[in-house]
Amino acid sequence: MTDSAFADQAARGFRSSDRATPLVRPVSDEPDLVQLLTPEGERVHHPDYDIELSDEELRGLYRDLVLVRRVDTEATALQRQGELGIWASLLGQEAAQVGSGRALREDDYAFPTYREHGVAWCRGVDPLNLLGLFRGVNHGGWDPNEKNFHLYTIVIGAQTLHATGYAMGVQKDQAESAVIAYFGDGATSQGDVNEAFIYASVFNAPVVFFCQNNQWAISEPIEKQTRIPLYQRALGFGFPGVRVDGNDVLACLAVTKAALQNAREGSGPTLVEAYTYRMGAHTTSDDPTRYRLSDELESWKLKDPVQRMKAYLSRNGIADQAFFDALQKESDELALHVRKGCLEMPDPEPLSVFDHVYAEEHPLLAEEKEQFRAYLETFEGSH
Amino acid sequence: MTDSAFADQAARGFRSSDRATPLVRPVSDEPDLVQLLTPEGERVHHPDYDIELSDEELRGLYRDLVLVRRVDTEATALQRQGELGIWASLLGQEAAQVGSGRALREDDYAFPTYREHGVAWCRGVDPLNLLGLFRGVNHGGWDPNEKNFHLYTIVIGAQTLHATGYAMGVQKDQAESAVIAYFGDGATSQGDVNEAFIYASVFNAPVVFFCQNNQWAISEPIEKQTRIPLYQRALGFGFPGVRVDGNDVLACLAVTKAALQNAREGSGPTLVEAYTYRMGAHTTSDDPTRYRLSDELESWKLKDPVQRMKAYLSRNGIADQAFFDALQKESDELALHVRKGCLEMPDPEPLSVFDHVYAEEHPLLAEEKEQFRAYLETFEGSH
Amino acid sequence: MAQITLAKGINMGLRKAMESNPKVLVMGEDVGKLGGVFRVTDGLQKDFGEDRVIDTPLAESGIIGTAIGLALRGYRPVCEIQFDGFVYPAFDQIVSQLAKMRARALGKVSLPVVVRIPVGGGIGAVEHHSESNEAYFAHTAGLKVVVCSNPVDAYFMTQQAIATDDPVILYEPKRRYWEKADLDESLTLENATPLHQARVVREGTDITVAAYGPMVKTAMEAATAAAEEGKEIEVVDLRSLSPLDMPTLRASVEKTGRLVVVHEAPTFLGMGSEVAARVTEQCFYSLEAPVMRVGGFDTPYPPSRLEEDYLPDLDRILDAVDRSLAF
Amino acid sequence: MAQITLAKGINMGLRKAMESNPKVLVMGEDVGKLGGVFRVTDGLQKDFGEDRVIDTPLAESGIIGTAIGLALRGYRPVCEIQFDGFVYPAFDQIVSQLAKMRARALGKVSLPVVVRIPVGGGIGAVEHHSESNEAYFAHTAGLKVVVCSNPVDAYFMTQQAIATDDPVILYEPKRRYWEKADLDESLTLENATPLHQARVVREGTDITVAAYGPMVKTAMEAATAAAEEGKEIEVVDLRSLSPLDMPTLRASVEKTGRLVVVHEAPTFLGMGSEVAARVTEQCFYSLEAPVMRVGGFDTPYPPSRLEEDYLPDLDRILDAVDRSLAF
Ligand SMILES: Cc1ncc(C[n+]2csc(CCOP(=O)(O)OP(=O)(O)O)c2C)c(N)n1
Ligand SMILES: Cc1ncc(C[n+]2csc(CCOP(=O)(O)OP(=O)(O)O)c2C)c(N)n1
Ligand SMILES: [Mg+2]
Ligand SMILES: [Mg+2]
């Protein structure tokens, strides 16, 4: 399909000039959501996006969804039991994260917020790394370059510029990789995110902006951030925006893959809005009953991303009971790994507060460390 | 004309919901410029924008253009002679400023950058106030509420948020005023400007964003800030954007008037891109020969905003030689006023550095002032 | 007489100010229905409406920038920054606009904007939620910076800050939000300590410990412990960091001859450096030991499992007291 | 041996660094064809191409934010902030990301980003073009902050800053851009003073004056004038504000017994407060007078017709010297 809405856009004044024409098509409003799997688990088709997956791949995606949700549930439980200071649940956003996460090639690079546990999983990051942050033993601390998965970024929107800069570097290296920046609906209001759109479009950087619109920024509904659908923000910056059913893992995979491929091929950035829902609280510290009706949650439960995929697999005989049973077992084992690893996580050494602040020497800090060491020693007898 | 491009936009997914439908129509690309007066001074018509002005009003606009340019020329000369530290010339942007400035009602409020000498003129601000800043005797220092003309803002883009907040206040007061925020093409890259777009659209604030795209941000051409026409930025935020010939005072007046009226009537913000050209250097400190070809300037000279209006007036017998002669005289007198006032401007008192920092008492600053007073006195004998 | 928490004190202060002046607005992220993540604005939107208690888009520069515009229009906005570490996106608007606009206008405009910032650590939070960045603002001419340390001050200082025609950064010690004290609601602003005055919260003769915000309680605990060993610590709650109340500090140091300054912020160029430099300049001959500083280390705020080590506690204060006394 | 200006020294330093390491990038507003508003990057884009000398969109947060991303990809970006007063939009990226990312990653990433900032007043400019905001960054753990004061240091410090694996804020005293000195181009980095070392630029016995950046020249002039009256001032160019070179400072103060710190920034919580507090703590018994601070007043930087009054000059330094000597 070539005469899509983006062609209209272009006709209405995007200067295509000497830049490569972006290939990802923003969807028109009817339907305004790219969907490949209905909430009932029925496979549908979309003129612009499609995807052929083997049964094994389909089962793999479902496995991801289940395991990611299980890690999340376990972490929430651990927080309730006082083992984590706080936890930001991804409940309801599994498909958006697994779909986009599995769209990445190994050499692609992801810049997460603080909620991308599902993407971390797809990158092969041990969930315990994530728990360390929420337990308070470190601020992240994994090696981003090991799995091409950057550290969690808590300051809203800041990572979108890092992703854009990284993508500019990829471009300079003439590498065929793409970069993906995750952020929420609330984040779209930050200056940084809009500056990232500008830098990315002006430099035609190979970056995909993946916005999980989960309808809420803590207590603020999406209407506090925008009066039009978020994917259309991209129109203002001259690159395509597309809205995908964020509870549909197949559609998220297909759309993200296409966007990443366009980035790799030199067509520049795309904004993907994964339309989804934060089914839990903002974090374990939050109380959503103060600001939203349970009806809303109930209606979204019917669109559950995990159930949807399960229905599809079952209905089409792609997975049998043995598979589901084995997965259940794997899931329990993973939960155990997470729980055990969390409880065993040692507290950091007091003196480690001074480490890693600088790469090179800093005499004053060295002196401070020495003084603190001596101070701590004065207590040694008494302990 | 009702089936304009904005209607298309809306069809393609702007949620009009319960918000009033914006009434300003963004122009489509062919022609993508609202123009009412050709570079040759021929009056043309536009389906969406038109304006009926009396001969006196037309002569008034021309008078503004001439006087504003004359102040500018004089200020540039004063800078060359060492009387000003620096001057930011508006050469070439007279029509954009006079057109938009004259569109304002007395109760409207304007937030300028550092180059809005023409708008200041329309608001009735004595040019000497502006010169004070560039001479370095103050940072502005006029009373913004006297003429509803805010202080010059030098930090790029910051004033767009002030304008938006002010407009939110107007809205709370249920006043029927509008606010206009001026900024340049370069400024559109700042986070603050994009945040202003978000606040203005979410709160539906009565503010007009008036961007003078003079093609340059110091040495950087517009392509360094955007890859699509700037007026289309508004599409991403859900309000109309319109590009107007910034060298056409009639079109600038008509488009700004319509946008202000929409704001007053509760239709929210509009982005007006006045497509113009910075005919001079960025400031007197700048040397444009380092980064642009003189060809470009030559081609824009053919579109000169003052000449254009003069041709129109002459050709249509709206003004005669007596008028032009009288204006020449008025212009000379104004230049004299500016020059004389500038030379007579007293330097501020040394101790005034401590004044006006706080509204209420600040003992440490009072002490510092006292010490400095005493210190200065030790020199008194020697001077 | 009602027992209130510090958070409630601010809430009541905001309510009082909103009742007595229709121009007072509250704005920020989640301040409406949620009542803020610390519930400081609880119930205000219900009672004063969405027009006066405004949930803003998630953009701090926008919060301060539009508050400036509202102030220019005659409003008195009270902006909530959700956590200390999230004020930086608004730094430009605060430092270049909010602080400087009055001087720029030669006094022809005032910006009565209050920026409320929950400050400091000790609540087991993740990164950016425990910072003490008061020195940035105290170094910025044109701003006033105050910190409350107890519920009664919270109640009054909130109202005083809102009544001030200058921009005020009001720090709220987040780990003390739930501390309680009795408030006599019949007291009015006239009964309150002036906003920019420090307060001697415990008299002593041997040494002065100056603290503010969350550290006042810690300093008081140190003083109690020291008293058991026969050392009489005078504790000064600075309350106002800019302007700093030098007369109160000077009087105390001239009496005790020794000073320890305590804060959570990193010591290097923290408030303690200014207090030390200024007190030393003014009380050179009274000081029997150099001013000692107890603060956070010169590192980013650590993960929460390390914060007890990072934050000054009773022991570290007493260690400094001992070093001063032994000097 | 070539005579170069300070601006040229930085330009040559940048060029050297770009020649020796293809990962070094220069980025900022107008750094390309224009060569920057001060021409510090003059000719670099012509020689190294648009891919390595990048004119960025007009957005400072974007400059630093994308530089961080580029650094994560293995580049070594040198960012130009056009004027001191325009660094604030990037404050969040500098303070919350650039400064903290290494600690966040437990050392697994480094961010070798240099942020060049023309600093200070004295050039007759309009608002926001003459600020001295080094204290904000010196108070920020995770950053290193250095200031050059002469062409030769400019040349070497630029290269050293780029070679450092930590983020460095490199301040350039804009009113000294056109000062000249001889550079022996055969000298290599090994011959240079270490980046974080202060330098005694004039020996003296009666009193120490510590300064940095633009004030070093002024301090030297004061020393010359004082010498005529028989007072021997020792002048220390601090060069590095974070870390601060205490051994050099201490040695000087222990010798002279008196210290005056000079900078353009407002005194309240300016660098002088840290120097005063720390030196007093470490040299308490050597000091015969309190450390005196000479700085900008605690006001926004004034309009340029007042800047001569605002900025410390020879007379104000000598006044402090006299007050110290008379103490
Ligand atoms: C700059 C900044 N301001 C405020 C916060 C506090 N905060 C944390 S999460 C959040 C809401 C984020 O909403 P959204 O972007 O939609 O992401 P979501 O949490 O829904 O995944 C806020 C306000 C922050 N982390 N950073
Ligand atoms: C935040 C900020 N960064 C940099 C500057 C320096 N500066 C002054 S004007 C200017 C270019 C502005 O371009 P534009 O917005 O197009 O306005 P114009 O000058 O063309 O009217 C720059 C970079 C500034 N004033 N503020
Ligand atoms: Mg959200
Ligand atoms: Mg421009």
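Naming convention: chains lettered A, B, ... in sequence-line order (proteins, then strands); numbering from 1 in each chain.
- Cation-pi geometry between A:Arg278 and A:Tyr291 is not met at under 6.0 angstrom from the ring centre and within 45 degrees of the axis.
- Proximity to chain A (any heavy atom under 4.5 Å) is restricted, for C:Phe268, to the side chain, taken from C-beta onward.
- The heavy-atom pair separating C:Leu34 from C:Asp30 by the smallest distance is CB-O, 3.5 Å.
- A salt bridge links C:Asp322 with C:Lys231: the closest approach of a Lys/Arg side-chain nitrogen to an acidic carboxylate oxygen falls below 4.0 angstrom.
- Of the atoms belonging to A:Ala187, it is backbone heavy atoms, and not side-chain ones, that fall under 4.5 Å from chain C.
- Interface remark: C:Gln82 contributes side-chain atoms only to the contact with chain A (heavy atom separation under 4.5 Å).
- Contacts with chain C were tallied for A:Gln225, A:Lys369, A:Arg135, A:His139; A:His139 has the most, counting heavy-atom pairs under 4.5 Å.
- Proximity to chain C involves both the backbone and the side chain of A:Ile218, based on heavy atoms less than 4.5 angstrom apart.
- In terms of heavy-atom pairs under 4.5 angstrom with chain A, the leader among C:Pro303, C:Ser61, C:Ala59, C:Ser304 is C:Pro303.
- Looking at C:Glu308, there are no atoms closer than 4.5 Å to chain A (heavy atoms on both sides), in backbone or side chain.
- Using a cut-off of 4.0 Å between Lys/Arg side-chain N and Asp/Glu carboxylate O, A:Arg227 and A:Glu223 are scored as not salt-bridged.
- In this structure, C:Tyr171 and C:Phe137 have tilted ring planes: the angle between them lies in the 30° to 60° band.
- Residue contact with chain C, scored on non-hydrogen atoms closer than 4.5 Å, involves the side chain of A:Tyr375 exclusively.
- The contact between A:Leu133 and chain C is made by backbone and side chain atoms together, counting heavy-atom distances below 4.5 Å.
- Ionic pairing of C:Asp55 and A:Lys224 is not present here: no N-O contact between side-chain nitrogen and carboxylate oxygen is shorter than 4.0 angstrom.
- Residue contact with chain C, scored on non-hydrogen atoms closer than 4.5 Å, involves the side chain of A:Asp286 exclusively.
- Residue contact with chain C, scored on non-hydrogen atoms closer than 4.5 Å, involves the side chain of A:Glu368 exclusively.
- In terms of non-hydrogen atom pairs under 4.5 Å with chain A, the most contact-rich of C:Glu60, C:Glu307, C:His129 is C:Glu60.
- Between chain A and the options C:Ile123, C:Asp319, C:Asp309, the largest number of non-hydrogen pairs under 4.5 Å is found for C:Asp309.
- Taking the six-membered ring for Trp and the full ring otherwise, the centers of A:Phe111 and A:Tyr152 sit at least 6.0 Å from each other.
- Residue A:Glu298 qualifies as enclosed at atom CD: its count of foreign heavy atoms under 6.0 Å is above 12.
- Of the atoms belonging to A:Phe372, it is side-chain heavy atoms, and not backbone ones, that fall under 4.5 Å from chain C.
- Heavy-atom neighbours of A:Glu360 CD from other residues, nucleotides or ligands within 6.0 Å: above the threshold of 12.
- Ring geometry for C:Tyr177 against C:Phe38 counts as tilted: the plane angle lies between 30° and 60°, on a 0 to 90° scale.
- Residue A:Leu351 does not touch chain C at all, counting heavy-atom pairs closer than 4.5 Å.
- For a residue to count as touching a neighbouring chain, one of its non-hydrogen atoms must lie under 4.5 Å from one of that chain's; by this rule C:Arg323 does not touch chain A.
- A:Asn138 places none of its side-chain heavy atoms less than 4.5 Å from the side chain of A:Pro348.
- Contact annotation for C:Phe297: both backbone and side-chain heavy atoms come within less than 4.5 Å of a heavy atom of chain A.
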